[in-house]
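Input: a single structure, listed below in structure tokens.
Order of listing sets the numbers, starting from 1, for every ligand and every atom in it.
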Amino acid sequence: MKDIRNRQIVLEKRPSGLPGKETFRIIETDLPEMKAGEILCKNVFISVDPYMRGRMNDAGRPGSSFPLHKVIRGRTVGRVLESGDRQFSEGDYVLGMMGWEEFSIIEAGKVEKIDVGIASPSTYLGALGVTGLTAYFGLLSIAEPKTGDQVVISGAAGAVGTMVGQIARIKGCRVCGIAGTDEKVQMLREELHFDEAINYRKSGNLVDDLKKACPEGVDVYFDNVGGEISDAVMSLLNRYSRISICGQISQYNLDKMSAGPRIQPVILKHLAKMQAFTVSDYKSDYPSARKQLATWLKDGKIKSVEDITEGFENIPEAFIGLFKGENKGKKVVRIG
Ligand SMILES: NC(=O)c1ccc[n+]([C@@H]2O[C@H](COP(=O)([O-])OP(=O)(O)OC[C@H]3O[C@@H](n4cnc5c(N)ncnc54)[C@H](OP(=O)(O)O)[C@@H]3O)[C@@H](O)[C@H]2O)c1
């Protein structure tokens, strides 16, 4: 395997605002020698995720930023070509933080084998991966939905959003999704059976449109985007409503966070509960949640919505597209 030339995408320049092509550079390197306990894999699917934008900034703390001129690390599914560990064999599919490169040599203990008999490899980056787990814990553990609750989801047609809405429907909730195109709204209504969906880009008055879509007010708000969309939802909260703060993508490319209305009086008036979370806090419960998600998937209760870009060199574009609303469901890049 010594002769393999590896193409890698490195962070060339820290972006200001929306990253551009100049933020990244493709380099070619020789693969280093494999050591005992390591595996060599050919990467097959690369996950691009909004959180990576934050890692491109200089956070000033070691380990929180992607280093400049080094390969961008992120969730990846690869196929084992050579194994220096008895637990893995050639041909196994593995999930790990390999990153934006065609081949990776990684310690065997840092990857997990995935069962491609249950679902296709890319599903382990979406519905059965961190995406599905984020939706599962962010909705069920943080927002504690009850039958009949009105749930509103921002970023509803994205990776996490599509999963949240479907899980909320399983739990007997009424679901309204907010998304950025008519095509996304149609998918939410017709393919994923959301009760209501609103195109925020076309809405002349989002508060009015939300009032029409949720005449009984909002019991649960699952927030993926923040900003003015969230301001609008907050004005419709019911008593004892729960707000799960998953992400704030509308703020990720801003140099200075936008100012909004003061929300404490709203929270107080409605005795609402608002909590942010990180999915990694639930690691010990991943196996049981994955089992449940896999059962729902097998039983046809949830659909895995994936948006696949082809080609290694298109990884940066797929990533930048997340901030332009170009994806429907989980964006992954197939590179092999
Ligand atoms: N807490 C956690 O542990 C955790 C874990 C995973 C992800 N997250 C967060 O969850 C959120 C969703 O992540 P994801 O992986 O599912 O991404 P995603 O929703 O698949 O992709 C991004 C989507 O966000 C929307 N968007 C982009 N810029 C926007 C803006 N300025 N205003 C409104 N909407 C905008 C776009 O859809 P439209 O066309 O609808 O605008 C876009 O398609 C992100 O904020 C992410 O950081 C949190």
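- For atom 28 (N) of ligand 1, the nearest non-hydrogen atom of the protein is Phe323 O, 3.7 Å.
- For atom 11 (C) of ligand 1, the choice among Asn253, Leu18, Asn224, Val279 with the nearest heavy atom turns out to be Asn224.
- Taking all heavy atoms of Phe222, Phe137, Tyr252 into account, the minimum distance to atom 46 (C) of ligand 1 is reached by Tyr252.
- Remark: distances from the non-hydrogen atoms of Asn327 to ligand 1 include one below 4.0 Å.
- One finds a salt bridge joining Glu112 and Arg290 here, because a Lys/Arg side-chain nitrogen approaches an Asp/Glu carboxylate oxygen to under 4.0 Å.
- Under a 4.0 angstrom heavy-atom cut-off, Lys331 registers as lying outside contact with ligand 1.
- Ion pairing between a basic and an acidic side chain is recognised when a charged N comes within 4.0 Å of a carboxylate O; Arg174 and Glu216 show no such pairing.
- Atom 48 (C) of ligand 1 has as its closest protein heavy atom Cys246 O, 3.0 Å.
- If you check which protein heavy atom lies closest to atom 40 (O) of ligand 1, you get Gly180 N, 2.8 Å.
- Under a 4.0 Å heavy-atom criterion, Gly329 is in contact with ligand 1.
- If you check each of Thr134, Ile245, Ile178 against atom 4 (C) of ligand 1, the one with the closest non-hydrogen atom is Thr134.
- Remark: minimum distance from atom 19 (O) of ligand 1 to any protein heavy atom is reached at Gly158 CA, 3.3 Å.
- Of all the atoms in ligand 1, the ones that sit under 4.0 Å from a non-hydrogen atom of Gly247 are 9 (C), 45 (O).
- No donor-acceptor pair under 3.5 Å is formed between the side chain of Ser141 and the backbone N or O of Gly138.
- Using a cutoff of 4.0 Å between basic side-chain nitrogens and carboxylate oxygens, Glu306 and Lys331 are not scored as salt-bridged.
- Of the heavy atoms in Lys184, only side-chain atoms (C-beta onward) come closer than 4.0 Å to ligand 1.
- By the 4.5 Å heavy-atom criterion applied to side chains, Gln264 and Lys269 are not counted as neighbours.
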Problem set entry | Derivation and outcome, salt bridge (Lys or Arg N to Asp or Glu O under 4.0 Å), residues Glu102 and Arg7 | CA-CA 6 Å; Glu102 291 182 306; Arg7 281 198 302 166; 3.2 Å; yes
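- Classification of Asp307 and Lys330 as a salt-bridged pair fails, no side-chain N sitting under 4.0 Å from a carboxylate O.
- Considering backbone and side-chain atoms together, Pro50 places no N or O closer than 3.5 Å to any N or O of ligand 1.
- For atom 36 (C) of ligand 1, the nearest protein heavy atom (residue, atom name, distance) is Gly325 CA, 3.5 Å.
- Remark: Lys328 engages Glu183 in a salt bridge, criterion side-chain N to carboxylate O under 4.0 Å.
- In this structure, Thr131 falls outside the shell of residues with a heavy atom less than 4.0 angstrom from ligand 1.
- Here Asp30 pairs with Arg5 in a salt bridge; the nearest charged N to carboxylate O distance falls below 4.0 Å.
- Shortest contact from atom 34 (N) of ligand 1 to any protein heavy atom: Tyr200 OH, 3.4 Å.
- In terms of polar-atom proximity, Ser250 is not counted as a contact of ligand 1, lacking any N or O under 3.5 Å from an N or O of the ligand.
- Partner Glu144 forms a salt bridge (charged side-chain N to carboxylate O under 4.0 Å, His left out) with one of Lys171, Lys273, Arg242 and no other, that one being Lys273.
- Under 4.0 angstrom from ligand 1, the non-hydrogen atoms of Arg201 all belong to its side chain.
- Salt bridge status for Arg189 with Asp195: absent, with no side-chain N to carboxylate O gap under 4.0 Å.
- By the 4.0 Å heavy-atom criterion, Ala157 is excluded from the residues contacting ligand 1.
- Counting heavy atoms from C-beta on, the side chains of Ile229 and Ser154 come closer than 4.5 Å.
- With ring centers used as reference points, Phe24 lies under 6.0 Å from Trp100.
- Taking atom 7 (C) of ligand 1 as the reference point, the nearest protein heavy-atom neighbour is Val160 CG2, 4.1 Å.
- Contact annotation: for Ile249 versus ligand 1, heavy atoms closer than 4.0 Å belong to both the backbone and the side chain.
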